[in-house]
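What follows is one structure encoded as structure tokens, with my remarks underneath.
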2 protein chains.
Amino acid sequence: MQNLLEHIDKFVSLDESEKELLLSRISYVEARKKQFLLEAGKPGYKLFFVLKGCLRLYLITPKGNEQTHQFVIENWWMTDYLAFHNDSVSGFYVQAVERSEVAVLQKSDMDFLLEKIPKLERYFRLCYQKAVGAAQKRISYLFSLSAEERFHNMNDKFPEFVQRVPQYMLASYLDFSAEFLSKIRAGKV
Amino acid sequence: MQNLLEHIDKFVSLDESEKELLLSRISYVEARKKQFLLEAGKPGYKLFFVLKGCLRLYLITPKGNEQTHQFVIENWWMTDYLAFHNDSVSGFYVQAVERSEVAVLQKSDMDFLLEKIPKLERYFRLCYQKAVGAAQKRISYLFSLSAEERFHNMNDKFPEFVQRVPQYMLASYLDFSAEFLSKIRAGKV
DNA sequence: TAAAAAACTTGAAGTACTTCAAGAAATGAA
DNA sequence: TTCATTTCTTGAAGTACTTCAAGTTTTTTA
């Protein structure tokens with residue numbers, strides 16, 4: 001959990017008793033590859049923080065395709081935020097892309113912690129502020145680049161990440177078919 | 001500004017002196033139709049809250065097309081959050097779609113207010129939490145529905161809004177061409 | 001280490017859009 | 001009210017993808 005404490009420490013400083021209280025309300029989970037942390041149709045009252053590894057958030061379209069919305073690596077929070085905000089069932093799956101170590105925060109525990117440690121409001125406000133910015137950026141790539149440009153942009157900026165995840169997941173993240181990604185890589189487009 | 005105070009009041013309660021302090025640091029702007037509140041390439045250190053009217057956030061793609069990312073009506077905050085978070089120049093334009101009344105909060109004033117009135121951390125944390133959820137929802141529509149389905153979904157859920165904005169802006173929000181929207185409406189697709 | 005399963009590749013055919021160009025309708029300004 | 005400007009419509013031609021189906025490679029499991 002050291003990673004999480006360090007991440008929080010970048011934004012607000014907690015004393016030892018606060019850290020202890022925090023850790024008493026956060027659980028630790030090891031997820032093996034492909035394991036689900038959250039499933040569509042089930043209650044979405046949890047936030048996940050990646051300590052190590054990689055998670056993805058995806059949904060299944062009416063046609064039955066997987067669409068990856070988000071990949072999250074070390075030091076990011078993720079969940080279905082609408083379900084989390086509204087205390088409703090999740091529309092998304094959260095799945096481990098590789099063996100991962102994850103901190104899990106139930107919403108009720110988050111509420112408890114925010115009440116006891118108001119400084120955490122600031123921490124989450126800043127995390128969310130960054131998350132909204134990242135979501136805006138993501139939409140601008142989807143909007144303004146062609147499929148091929150989206151792949152090359154990704155490959156230029158995060159080459160190690162492109163190696164790290166299966167191509168079909170990456171294709172669904174970039175919003176085109178796995179076959180098309182294969183053709184882009186082969187230069188056949 | 002009453003709208004803003006009421007909105008804040010839904011999440012946290014401020015006493016009179018806090019309200020006064022808040023209002024002393026927030027400015028009021030009336031924007032006529034098409035007027036810009038923020039322009040790409042200029043500093044993006046401002047948050048906007050729509051008291052009345054409608055704003056849109058858009059960018060101009062490398063090819064020269066306008067892409068509307070977000071429409072915002074009464075009681076929502078908006079800005080280029082990445083620029084806001086990183087104190088950098090905006091990548092987006094914020095423009096009044098119709099005559100609008102807007103509360104403007106400079107980042108430096110926000111920092112000041114958050115320090116003096118820590119309860120506001122909670123207010124913005126909740127606003128942002130909802131905003132991340134809305135962004136996720138938006139991406140799922142873009143991903144999983146066809147152009148025609150996106151239009152009908154919008155028309156079913158927000159018929160009055162579809163009337164309220166020019167079609168070419170709506171088309172760019174739904175990520176297809178204005179001509180194609182025209183054909184969808186005429187049933188020629 | 002073999003067999004099974006998962007992931008990737010390839011080509012051919014189809015389709016959901018875009019682009020362009022021109023005209024019509026609606027809106028705004030003098 | 002009139003003219004200028006902005007917005008919307010229409011059809012024809014083009015293109016950036018998708019889908020399908022089959023084969024190949026890589027990874028996982030027993």
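Both backbone and side-chain heavy atoms feed into the values below; hydrogens, waters and symmetry mates do not. Quick note on labels: first sequence line is chain A, next is B, and so on, each numbered from 1.
Here the P atom of nucleotide C:dC17 and the NZ atom of B:Lys183 are 12 Å apart, to the nearest Å. Taking atom CD of B:Glu179 as the reference point, atom P of D:dG14 lies 17 Å away to the nearest angstrom. Atoms CG (B:Asp175) and P (C:dC17) sit 10 Å apart, rounded to a whole Å. The distance between atom CZ of A:Phe176 and atom C1' of D:dA16, rounded to the nearest whole Å, is 12 Å. Between the CG atom of A:Leu174 and the C1' atom of D:dC17 there is a distance of 14 Å, rounded to whole Å. D:dT10 atom C1' lies 15 Å from atom CD1 of B:Ile184, rounded to whole Å. For the pair B:Leu181 CG and D:dT10 P, the computed distance is 12 Å after rounding to whole Å. Atom pair B:Leu170:CG and D:dT9:P shows a separation of 12 Å (rounding to whole Å applied).
Applying the 4.0 Å criterion to OP1 and OP2 of D:dC8, one finds that B:Ser182 has every side-chain N and O outside that range. Phosphate contact (OP1/OP2 of D:dT9, side-chain N/O of B:Gln167, threshold under 4.0 Å): present. Taking side-chain N and O atoms only, A:Lys34 has a distance below 4.0 Å to OP1 or OP2 of C:dA7.
Taking the six-membered ring for Trp, A:Tyr45 and A:Phe84 have ring centres at least 6.0 Å apart.
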- Task: Apply side chain to side chain donor-acceptor pair (under 3.5 Å) to the pair A:Gln129 and B:Tyr128, showing each step before the final yes or no.
- Result: CA-CA 6 Å; A:Gln129 186 172 284; B:Tyr128 287 169; 3.0 Å; yes
- Query: Checking side chain to side chain donor-acceptor pair (under 3.5 Å) for the pair A:Ser88/A:Asn86: CA distance, chi angles, key distance, verdict?
  - Reply: CA-CA 5 Å; A:Ser88 59; A:Asn86 298 331; 4.9 Å; no
- Message: Run the side-chain contact (heavy atoms from CB on, under 4.5 Å) test on A:Tyr58 and A:Gln67 for me, step by step, so that the C-alpha distance in whole Å, both residues' side-chain angles and the decisive distance to 0.1 Å come before the verdict.
- Response: CA-CA 5 Å; A:Tyr58 74 93; A:Gln67 301 276 14; 5.8 Å; no
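Cation-pi geometry between B:Arg138 and B:Tyr173 is met: under 6.0 angstrom from the ring centre, within 45 degrees of the axis. A cation-pi arrangement, defined by a distance under 6.0 Å to the six-membered ring centre and an angle within 45 degrees of its axis, is present between A:Lys130 and A:Trp76.
Across residues 142-163 of chain A, A:Ser146, A:Ala147 each have a non-hydrogen atom less than 4.0 Å from an atom of DNA chain D (numbered order).
Put simply, OG on A:Ser146 and NZ on B:Lys63 are 7.0 Å apart, with the number rounded to the nearest 0.5 Å. Atom CG of A:Leu5 is separated from atom CG of A:Leu51 by 9.5 Å, given to the nearest 0.5 angstrom.
Among the nucleotides C:dT9, D:dT10, D:dC8, the one closest to any side-chain atom of B:Pro166 is D:dC8. Among the nucleotides C:dT18, D:dT6, C:dT19, the one closest to the side chain of B:Asn65 is C:dT19. When distances run from any side-chain atom of B:Phe180 to the nucleotides C:dC20, C:dC17, D:dT19, the shortest one goes to C:dC17. Here D:dT7 is the nucleotide among D:dT7, C:dA7, D:dC20 with the atom lying nearest to any side-chain atom of B:Tyr168.
Considering every non-hydrogen atom in both B:Phe151 and B:Leu174, the closest pair reads CA-CD1, 3.8 Å.
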Tabulated below should be each protein N or O lying under 3.5 Å from an N or O of nucleotides 22-30 of chain D; please produce it.
from   : atom 1 : to      : atom 2 : distance (Å)
D:dT28 : OP1    : A:Lys33 : NZ     : 3.0

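No path of Ile, Leu, Val, Met, Phe, Trp and Tyr side chains, each step under 4.5 Å between heavy atoms, connects A:Tyr141 with A:Phe161, placing them in separate hydrophobic clusters.
At the heavy-atom level, A:Ala178 lies nowhere under 4.0 Å from the strands shown.
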